[in-house]
Amino acid sequence: MGRKRNTYRMIEQDDFDINTRLHTIVRGEDEAAMVESVGLALVKLPDVLNRLKPDIMIVHGDRFDALALATSAALMNIRILHIEGGEVSGTIDDSIRHAITKLAHYHVCCTRSAEQHLISMCEDHDRILLAGCPSYDKLLSAKNKDYMSIIRMWLGDDVKCKDYIVALQHPVTTDIKHSIKMFELTLDALISFNKRTLVLFPNIDAGSKEMVRVMRKKGIEHHPNFRAVKHVPFDQFIQLVAHAGCMIGNSSCGVREVGAFGTPVINLGTRQIGRETGENVLHVRDADTQDKILQALHLQFGKQYPCSKIYGDGNAVPRILKFLKSIDLQEPLQKKFCFPPVKENISQDIDHILETLSALAVDLGGTNLRVAIVSMKGEIVKKYTQFNPKTYEERINLILQMCVEAAAEAVKLNCRILGVGISTGGRVNPQEGIVLHSTKLIQEWNSVDLRTPLSDTLHLPVWVDNDGNCAAMAERKFGQGKGLENFVTLITGTGIGGGIIHQHELIHGSSFCAAELGHLVVSLDGPDCSCGSHGCIEAYASGMALQREAKKLHDEDLLLVEGMSVPKDEAVSALHLIQAAKLGNAKAQSILRTAGTALGLGVVNILHTMNPSLVILSGVLASHYIHIVKDIIRQQALSSVQDVDVVVSDLVDPALLGAASMVLDYTTRRIH
C-alpha cells in the first residue's frame, strides 16, 4: 500500500515471472507529468504487446497508467478484461475508469451497484461478472494471523491493539490547492488528538509533492507520535488497518477494504464521495476546519462496527477464474453495445445461472429455533429446525452452528447470502441488534447482543427485530400487506405478537415496545399472563394459554371425546383442545370461543386506535379464530371501522420471511 512503487516485488513474492518491466512514470508529480507518463507508456507498450501476443489483457482499476495499457491493447485487437469497473468515487478516476470500461471486452465488478452502472453504460450483460472484490478473498481470511508483531514493527513496542490510527491521504487532482490545505488540517487534528499514528505517503498524482512538503514542514517524520512510511506490504497493511482504532484520509482502501473488519473510518473530502460504504464510514465532506476533523476522530476512534461485505464475500478469485476459462477466443473481437431498454434478468455468473441473492433468516420462537435460506422472491430454499435450548449459552452456540452450516450449504445451492435477519420473541432494539427483555417464553434472553457474535463469525451484516414486527414486514414484502400504506398484523403462536405498518413504515415506538398487541388487556380480572400482568390477549388466546386449558380439562377427564386419544408419552397441547372442539366437546368449544372473543376485543381496540385499512391474522391458530373475531367486530366496533377487512395470512413462515425481508429490503434499497 502507500505509493505503490514496489508492486513488482509483491508480484515476484507470489512466484510470478515478470517478462517485461517498463519505466513510464515521468517525474514532476503534476498534471503535465501524468499526461507525459501516459504518452510514454503508449510509445513503449506496442513493442511489448507485439512480442508477448497475449490472448487476454487483464486491466485493473482506474489509474492513468491502466488507461494507457487498455488503449494500447484495444488498438492492437487484444481482448481486455477490466476488473473493478462501474464504480463511482467522485474524482478524475471516474472518467479514467469509465473510459477503460468502454475499451474493455469483459468486465468483473465488485458490487451490485457497479454491475447496474455497467449495464446502464450499454455494456453487454452477458460479459459482466459480479464477482466481488478480489482483495476481499485475502482480507476475510487474514484477520486471525499474528498481528501484534506487525503492529509493533511499524508503530513501536509500546502501542496497543485498537489504540492507534492509520492515515492515508492522496491529492485530488481536480482541486490540488484544497487537497493540500485539507491535509494540513488533518495533520494538525492528528497532532492534537495525541494518538500513535502511522502516516503513509500520498500516491504520485499531481499535488503529492506539495503534500509531502506539508508533512516535513510539520515535522511528522520526527514527531514521537508519528511513523511516516512510503510503503507497507499488503499482507501487513491488512493487519494494521484490521486492528486500528481508526483509519483517516481519502483512500479507496478506507471505504472499500477496511469495512471487512468493521474498523472505524473517517473519509475526508470528495475523493471517495460516490463510493458505496458500510456503516463504519463517517464522511467529513467539507473538511475545512481542524475542529471538524478532530470531532470526527472523537466520534469514531475505538468503535467497532459490524463487518461489511458490500464489496465481496471472499470467493471472487474462483469466480474470475471460471469466467476467464469460459471466454471463447474464437468469437468475434468487435465489441457489441447493448443500448436501452436493458434486460431485467441479468446473469451474474458466466454459466448464465443467476446466483440467487438470498438472506439467512433466523426465527427464535418459544418452542423452536429455525434457520432458513430465503431467496429475493420469498422462496424458502432450505430450512433447518431444532428445539430452542433453555439456556443462553446453549442457544447462542446453536444459532452460530446452524447459521455456519446454512451459509456453507448456500454456496452449494448457488445462493449468495447478503446478510442475516433474526426474528426473536421479546423487546428488541433493532438499531443495536440487542434483545432488551423477553418474557418467560424464552429464558435467559435479556440484554443479549445478537448482532456482534453472528457478524464476527459469518462476516455478514446482521439485522434483529421482534417476531411480531417481522411478521408485519413479511406481509409488507411478500403477503397481503404489499402496497398498503397502513395495516396491522397479529401473529398467533406459542405467544401472541404483532406489528404495525403506518405510512409504509414499521412502528417501533420510543422504547421499542410498540405493537406488543399480545399484551393488550381485555379483562380486568382475567388469567395471569407470562408478562406478569393478567387479562392480556396472550393469557386467553395464545397456544400456551390453550395448552393450559387443555391440561385442566384432561386432568378432569373432560377433554377426550369419542375418536380421540392422547398417548401417555405425549404432552397435552392446544391442538388436542382444537381437535376436541371439532369433535363436539362443548367445554373445548367454549374455551376456544372465549379465546377468540379476547382476540376479537383486541382487534376492536386496534381498529379504534390505529384505524388500519387491513388486519392480518397470522400463525397456526389464525384460521381457528377468524370467524369469531369478525363476529366480535360486528358486535363491538364503531360503524366507521366495520368495513375494515380482517384476513388470514397466506404466508407459511411469516417470522422467517420477515427476518429475511430486513436483509433483502436493505440490499434492494442500497442496490448492493
Side-chain angles (χ1 to χ4, degrees), residues 1 7 10-11 14 16 56-63 66 80-89 97 100-101 104-119 123 125-144 234-235 237-238 241-242 252-262 275-278 307-327 346-358 407-408 410-419 458-461 667 670-672:
M1 300 301 294
T7 304
M10 297 167 65
I11 295 170
D14 286 339
F16 285 97
I56 299 172
M57 178 69 70
I58 298 176
V59 179
H60 173 262
D62 49 29
R63 302 289 301 157
I80 302 167
L81 182 143
H82 183 210
I83 296 177
E84 294 187 7
E87 296 182 20
V88 178
S89 56
R97 189 185 310 110
I100 296 172
T101 289
H105 304 84
Y106 305 93
H107 311 273
V108 173
C109 55
C110 300
T111 69
R112 184 76 170 170
S113 180
E115 182 191 46
Q116 294 295 326
H117 291 159
L118 290 174
I119 293 162
E123 294 301 314
H125 69 275
D126 287 338
R127 294 188 173 196
I128 300 170
L129 172 69
L130 175 55
C133 182
S135 61
Y136 264 54
D137 292 25
K138 205 160 193 176
L139 295 173
L140 294 176
S141 61
K143 198 174 178 183
N144 294 326
F234 184 68
D235 284 347
F237 186 78
I238 289 172
V241 296
S252 62
C253 172
V255 297
R256 289 170 59 100
E257 284 89 346
V258 177
F261 308 112
R275 297 271 192 193
E276 296 171 83
T277 67
C307 302
S308 168
K309 295 181 72 176
I310 294 172
Y311 285 94
D313 61 3
N315 297 302
V317 171
R319 293 187 185 110
I320 295 171
L321 290 174
K322 184 179 177 183
F323 190 45
L324 279 167
K325 289 175 183 176
S326 71
I327 293 174
I346 302 155
S347 174
Q348 290 187 324
D349 210 331
I350 193 59
D351 291 333
H352 307 282
I353 300 171
L354 183 66
E355 271 190 312
T356 307
L357 296 178
S358 307
V411 177
K412 299 176 186 175
L413 295 170
N414 208 34
C415 294
R416 182 175 300 192
I417 302 298
L418 300 172
L458 298 170
H459 298 292
L460 287 167
T667 53
R670 292 284 298 274
I671 322 178
H672 293 161

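Hydrogens, waters and symmetry mates play no part in the numbers below; they use all other heavy atoms, side chains included.
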Enquirer: Is there side-chain contact between I58 and L324, with heavy atoms separated by less than 4.5 Å?
Expert: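 They are in side-chain contact.
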
Enquirer: Listed by chain and number, what are the side-chain hydrogen bond (donor to acceptor under 3.5 Å, both in side chains) partners of E257, not counting sequence neighbours?
Expert: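 Here the qualifying residues are S135.
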
Enquirer: Does Y311 have any side-chain hydrogen bond (donor to acceptor under 3.5 Å, both in side chains) partners at least two apart in sequence or in another chain, and if so, which?
Expert: none

Enquirer: Which is it for F261 and I238 under the side chain to side chain contact (heavy atoms under 4.5 Å, CB included) test, yes or no, and what are the steps along the way?
Expert: CA-CA 9 Å; F261 308 112; I238 289 172; 3.5 Å; yes

Enquirer: Can you name the nearest heavy-atom pair linking H107 to T101, along with the distance?
Expert: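 Shortest heavy-atom contact: CE1-O, 3.3 Å.
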
Enquirer: Could you list the residues that satisfy side-chain hydrogen bond (donor to acceptor under 3.5 Å, both in side chains) with H82, not counting sequence neighbours?
Expert: none

Enquirer: Ignoring hydrogens and geometry, is there a side-chain-to-backbone donor-acceptor pair from R319 to L129 under 3.5 Å?
Expert: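 Between the backbone of L129 and the side chain of R319 there is no qualifying donor-acceptor contact (under 3.5 Å).
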
Enquirer: Can you tell me how far apart CG (N315) and CG (D137) are? Round to the nearest 0.5 Å.
Expert: 6.5 Å

Enquirer: Can you measure from OG1 (T277) to CZ (R256) and round to the nearest 0.5 angstrom?
Expert: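 Output value for this atom pair is 12.5 Å.
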
Enquirer: Measure the CZ-CD1 distance between R127 and I327 for me, rounded to the nearest 0.5 Å.
Expert: 8.5 Å

Enquirer: Please report the C-alpha distance between Y106 and I56 in whole Å, then the side-chain angles of each, then the deciding distance to 0.1 Å, and finally whether the side chain to side chain contact (heavy atoms under 4.5 Å, CB included) criterion is met.
Expert: CA-CA 10 Å; Y106 305 93; I56 299 172; 5.6 Å; no

Enquirer: Nearest heavy-atom pair of I320 and A131: which atoms, and what distance?
Expert: CG1-CB, 4.0 Å

Enquirer: Report yes if the side chains of C109 and E87 come closer than 4.5 Å at any heavy-atom pair, otherwise no.
Expert: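 Side-chain contact under 4.5 Å: no.
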
Enquirer: To the nearest 0.5 Å, what is the distance between CG on L130 and CD on E115?
Expert: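 Interatomic distance, L130 CG to E115 CD, rounded to 0.5 Å: 5.0 Å.
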
Enquirer: If you measure from OG on S308 to CG on L460, what distance do you get to the nearest 0.5 Å?
Expert: 10.0 Å

Enquirer: Roughly how far apart are H117 NE2 and T111 OG1, rounded to 0.5 Å?
Expert: 7.5 Å

Enquirer: Give the minimum heavy-atom separation between A316 and G132, together with the two atoms involved.
Expert: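 Scanning both residues completely, I find the closest heavy atoms to be CB-O, 3.5 Å.
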
